[in-house]
Novice: 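One structure follows; several queries about it will come next.
Bear in mind that the values here come from a model prediction, so they are computed numbers and not experimental data.
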Amino acid sequence: MAFNIAAQQSAQYLQPATPPPTPPASGYALPFSAGAYEDRLDDIRRTEYPQLFDSSTLDSGVEPRLKTVFLDHAGSTISSASHIRAVASELLTQIPANPHSRHVESQWTQRRIDHARDRLLEFLGTTAEQYAVVFTANATAAIRLAAEITPLTSDGEFCYTRESHTSIVGVRNLVAERGVKPRPMEFDKIDAVVAPGCGRGTSLLAYTAQCNFSGQRFPLDVADRIAKLYKSDENAAVGHAPWWVLVDAAARAASSPLELNKYKAGPDFVALSMYKIFGAPTGLGALLIRRSSVPYLCPKGYFGGGTVAGLAFDRQWQVYRSDIESRLEDGTLNFQDILSLHHALDAHSRIYGSIHSVASHTQSIVRYALQAMRELRHRNGLPVCEIYGHRDNAQFGPTIAFNVKDRGARHIGYAEVDRLATMAGISLRSGRFCNPGAAQKWLQLSASELMQHSSLGFVCGDDHDLIDGKPVGALRVSFGAMSNEHDIDVLIAFLRQQFCDYSLAKDAVAELSKSPGHAAQSSSSDNSIQARVERVVIYPVKSCHGWTVPPNMSWRITRHGLRYDRSFVIMRENSTVPMQQKQYPKMALIRPRIDEQKSILVLEAQGYSPLEISLRPKDLRLEATESQICGDRIQAVRVRSDHISSWLSSVLSVSCYLACEPRLLASDTAESPDGFAGKSFANEAQILVVTHESARQVEKWVAEDSASSANTQTTRISPMQYRPNVIVRSQGVGLPAIKPFEELNWSSVSIGKSKFAVAGPCRRCQMISVDQDSAQKLKEPYATLARRMRVDGKVVFGIYLNLADKHHLTLHDIPGIRSGALIDISSG
């Protein structure tokens, strides 16, 4: 298949539309390997995976329009429609029941569970004679169970390879409690480590069959190699080699036949998760235990319901069940998910024929993607993608980890690329993918560096994607049985249009703001210009709608920003992270209003009575809690009120409560007698400024793109969409005008008698594309900003201000700010 995205579909992914991607060089497309279902793949995607498409186009008689390009199959693949329908049908016609009972429905359920074990083993290329299937909650639970029942001795070791998933690395803490020494190692050192004479006790070797960072695959014959090493050793008389082998096959089993029967010894344990293979069920994993290893297992410490054949309440006596499955499966099994497994196996077989066909198909897809990504280059010949792995003749699965580089070979932050991909309708993964060893290897991160990053407050999963220009994570695309070349075409089009020939050192924003005729005209010698405040806005509750200060009112500035601005946050129960509009867009529908005479905050939402909240800390019932804003830990105080919590929970349809920083509410905030020097619950700085002229320019760009595309979004984008505290515009006709984006060159701002230093540009996320009146998630203006307004690889709009000399000011030294106020601007 050639590079053939239709213009309409290209617009769907990359709104506002851009010209269709240029076809790649000849010889780009790679034919599929021989398989059983490639010629039916388009029909399979439409009928079995309708969630990929815009539902309004599926039965329209024309080619359905893709809604999502899903490239995160290593995270979880997609469940098929026939699987889900079959599960629903069975639940509506049968009565699955607790298998511990003895009635008809219970016995039927137990038979289905037993049959599911056999069918899963058949899928994995083995039989019940070789392996037992112990159902668990997921692969992580299976790994932990394996570690618990391995008969380790204190003079043994726990060895785990570099590419191990975090769930395997975590075993080191578990075995340390038994006095067993953990030992990280490279996979190619296994033979030397496990050789006879190198250890004395009973040890456990654990490794991942397919690295979930790079996709590298590792052979499943390690247990066979160990068995051969100890075949003539005196330990053979005991019946088991001193090394036990645990294989995490969760990632590999989805796209490769395991064929466990072909190994004479085989791993002692194999861990799996069903959703990795079939998309659903998500609450079901399995631990395969080799039958020949069962007699040597360590007894479990805990036992639950269903695991014992006899038990005394008042004496330390119990008899475990004889079969290993019942002995290890504590409590009632997740029997509905096990029944779902039957339908998952049925659908997989009916759609794809066999796992061998899936393996052939996914290998073809990953080769196609690799060639496309490697050929994607800047005009100077340097590659756009830095790919980790897929070299040195190693075996790899359908997973590609990479980072994006600009034309000067500088890394572009992966979190920013992830955001842009999301806006383009592409679902991929970013971070370190729960694989610390592989991440350190490919990203060249030392343990001391990671520890230093942690001490600075950087945590895995936050937005700190580059530290001193060096990536601390990566991007990952991974493919499944239903992936096709068109998915890769869209990915390549996105990367080409966003990053080919892009330069961090010389980006469009900097060039625009410095271009001839664009810089502010000034009659003064200090590069200053005058403008006026068009509007002053505060956000009493973080991430809710803003409140515009009445034009005739002067609003107080404190040492922490505008008074009452982001003094409150809404928190989910049992969470330390404030709710944000990008995850909960309905927050935009909560409209605040401040009544200074009564000293109350009024929250309003359509269909609900107004909620009044006192702004006097002494009137609130408060309880200390902890919160995090952009990775920074701050002290928040919960407002204990069932009425307030109930109102917010009802409006937002999620259990939540209100929290505040009471020192920000105090009338003498500027004095801060207790030494408090925070910046409220704002993300990065005290005051956010946007200019009317810059907002108008973005609006024009959106209108231009919409006129030539399938984008139907309205082009009216108010400056309020950017959630500013202060909107600035040129003073008037006949006076020097502010140019779009020139604020990026400002060094200081004076509003009335208050002086502010510019802290830098405001980094933007998808939240600015939440319509503040309807709470609808849109593509604009973020999509346009992503293409036109990047500084150092980050999407920016507006600037942050901090009050100058705030630590030397008293309450009466700081004047207020009002609409119409004159602004003096200095550029540096």
Side-chain angles (χ1 to χ4, degrees), residues 1 3-22 24 45 49-54 57 64-78 215 362 365-366 368-370 372-373 376 384-387 398-405 412-431 433 463 465 473-480 482-500 502 582 709-711 713 764-766 769 777-780 782-787 790 793 795:
M1 182 186 296
F3 208 9
N4 57 357
I5 302 177
Q8 184 180 14
Q9 290 184 326
S10 178
Q12 172 71 12
Y13 309 141
L14 303 168
Q15 288 187 350
T18 51
T22 304
R45 284 164 64 94
Y49 304 99
Q51 55 268 59
L52 291 171
F53 299 91
D54 180 345
T57 66
R65 185 170 61 247
L66 271 173
K67 177 180 65 178
T68 299
V69 176
F70 189 79
L71 301 176
D72 188 27
H73 293 271
S76 61
T77 195
I78 310 173
T362 53
I365 285 291
V366 76
Y368 181 86
L370 281 167
M373 294 173 73
L376 191 61
V384 173
C385 300
E386 179 181 23
I387 297 173
T399 296
I400 303 172
F402 68 102
N403 267 307
V404 176
K405 288 186 169 184
I412 297 172
Y414 60 83
E416 204 65 45
V417 179
D418 193 355
R419 286 195 187 96
L420 300 178
T422 297
M423 297 302 295
I426 300 170
S427 298
L428 44 73
R429 184 82 173 261
S430 64
F433 323 126
D463 284 344
D465 46 15
L475 298 153
R476 186 185 73 187
V477 291
S478 50
F479 314 107
M482 72 295 300
S483 299
N484 68 2
E485 291 179 348
H486 183 66
D487 292 337
I488 287 90
D489 291 347
V490 175
L491 172 68
I492 298 302
F494 161 74
L495 293 172
R496 173 180 287 114
Q497 292 167 341
Q498 291 287 356
F499 302 109
C500 271
Y502 174 71
K582 57 186 174 183
S709 76
N711 181 16
Q713 181 179 333
R764 294 303 190 161
C765 65
Q766 299 96 315
S769 289
K777 285 187 175 182
L778 305 171
K779 288 187 177 295
E780 299 298 351
Y782 187 81
T784 293
L785 288 176
R787 290 197 313 277
R790 293 208 295 261
V795 179

Novice: Minimum heavy-atom separation for T399 and V366, please, with both atom names.
Specialist: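 Nearest pair, atom of T399 first, then V366: N-CG2, 4.1 Å.
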
Novice: What's the shortest heavy-atom distance between K67 and Q51, and which atoms?
Specialist: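 Heavy atoms of K67 and Q51 come nearest at CE-O, 3.3 Å.
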
Novice: Rounded to the nearest 0.5 Å, what separation is found between the CD1 atom of I488 and the CG atom of L370?
Specialist: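 I488 atom CD1 to L370 atom CG measures 9.5 Å (nearest 0.5 Å).
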
Novice: Pair Y502, I412 - check side chain to side chain contact (heavy atoms under 4.5 Å, CB included), show working.
Specialist: CA-CA 10 Å; Y502 174 71; I412 297 172; 3.7 Å; yes

Novice: Do N484 and Y368 have side-chain N/O donor and acceptor atoms under 3.5 Å apart?
Specialist: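 Side chains of N484 and Y368: no pair found under 3.5 Å.
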
Novice: Within 45 degrees of the axis of the six-membered ring of Y782 and under 6.0 Å from its centre: does R419 put its NZ or CZ there?
Specialist: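 Output no; distance or angle outside limits.
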
Novice: What is the minimum heavy-atom distance between L491 and I426, and which atoms define it?
Specialist: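 Result for this residue pair: CA-CD1, 4.1 Å.
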
Novice: Once side chain to side chain contact (heavy atoms under 4.5 Å, CB included) is applied, do any residues pair with T77, and if so which ones, sequence neighbours excluded?
Specialist: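 Only H73, M482 meet the side chain to side chain contact (heavy atoms under 4.5 Å, CB included) criterion with T77.
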
Novice: For E416 and Q498, what are the C-alpha separation, side-chain angles and deciding distance, and is it a side chain to side chain contact (heavy atoms under 4.5 Å, CB included)?
Specialist: CA-CA 11 Å; E416 204 65 45; Q498 291 287 356; over 6 Å; no

Novice: Start with the C-alpha gap between E780 and L785, add the side-chain angles, then the distance that decides, and say whether side chain to side chain contact (heavy atoms under 4.5 Å, CB included) holds.
Specialist: CA-CA 8 Å; E780 299 298 351; L785 288 176; over 6 Å; no

Novice: To check you understand the geometry: which heavy-atom pair defines the closest contact between F479 and V477, and what is its length?
Specialist: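 Scanning both residues completely, I find the closest heavy atoms to be CZ-CG2, 3.9 Å.
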
Novice: M423 versus V795: any side-chain heavy-atom pair under 4.5 Å?
Specialist: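 Of all side-chain heavy-atom pairs linking V795 with M423, none is under 4.5 Å.
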
Novice: Mind checking side chain to side chain donor-acceptor pair (under 3.5 Å) for S430 and listing every partner two or more places apart, or none if nothing turns up?
Specialist: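 With sequence neighbours excluded, S430 shows a side chain to side chain donor-acceptor pair (under 3.5 Å) to D418, given in chain and number order.
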
Novice: Who pairs with S769 by side chain to side chain donor-acceptor pair (under 3.5 Å), at least two apart in sequence or on another chain?
Specialist: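 Once residues adjacent in sequence are excluded, S769 has no partner under the side chain to side chain donor-acceptor pair (under 3.5 Å) criterion.
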
Novice: Just to verify, what does Q766 make a side chain to side chain donor-acceptor pair (under 3.5 Å) with, not counting sequence neighbours?
Specialist: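 By the side chain to side chain donor-acceptor pair (under 3.5 Å) rule, Q766 matches no residue at all.
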
Novice: Can you list everything that forms a side chain to side chain donor-acceptor pair (under 3.5 Å) with R764? Sequence neighbours excluded, please.
Specialist: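 Expected list: none.
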
Novice: Looking at every heavy atom in both P64 and F53, which two are closest together, and how far apart are they?
Specialist: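 Shortest heavy-atom contact: CB-CD2, 3.7 Å.
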
Novice: Please give me the minimum heavy-atom distance between Y414 and L475, naming the atom from each residue.
Specialist: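 Scanning both residues, the minimum pair turns out to be O-CD2, 3.5 Å.
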
Novice: Is there side-chain contact between I492 and M373, with at least one heavy-atom pair below 4.5 Å?
Specialist: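 Sidechains of M373 and I492: in contact.
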
Novice: Tell me, with the steps shown, if V384 and C500 meet side chain to side chain contact (heavy atoms under 4.5 Å, CB included).
Specialist: CA-CA 7 Å; V384 173; C500 271; 3.8 Å; yes

Novice: Quick check for you: to the nearest 0.5 Å, what is the distance between I400 atom CD1 and I387 atom CD1?
Specialist: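 Separation between the atoms: 6.0 Å.
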
Novice: Using modelled atom types only, decide if a donor and an acceptor are shared between the side chain of E485 and the backbone of D489 within a distance under 3.5 Å.
Specialist: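 Such a contact is absent between E485 side chain and D489 backbone.
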
Novice: Drop me the distance from S483's OG to Y49's OH, to the nearest 0.5 angstrom.
Specialist: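 So the gap between those two atoms works out to 10.0 Å.
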
Novice: Hey, could you give me the CG/CZ distance between D72 and F433, rounded to the nearest 0.5 Å?
Specialist: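 Going from the CG atom of D72 to the CZ atom of F433 covers 9.0 Å.
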
Novice: Of all residues at least two apart in sequence or in a different chain, which pass the salt bridge (charged side-chain N to carboxylate O under 4.0 Å, His left out) check with D465?
Specialist: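 With neighbours one apart ignored, the set is R763, K794.
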
Novice: Flag the pair F494 / V69 as yes when at least one side-chain heavy-atom distance between them is below 4.5 Å, and no otherwise.
Specialist: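 Not in contact.
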
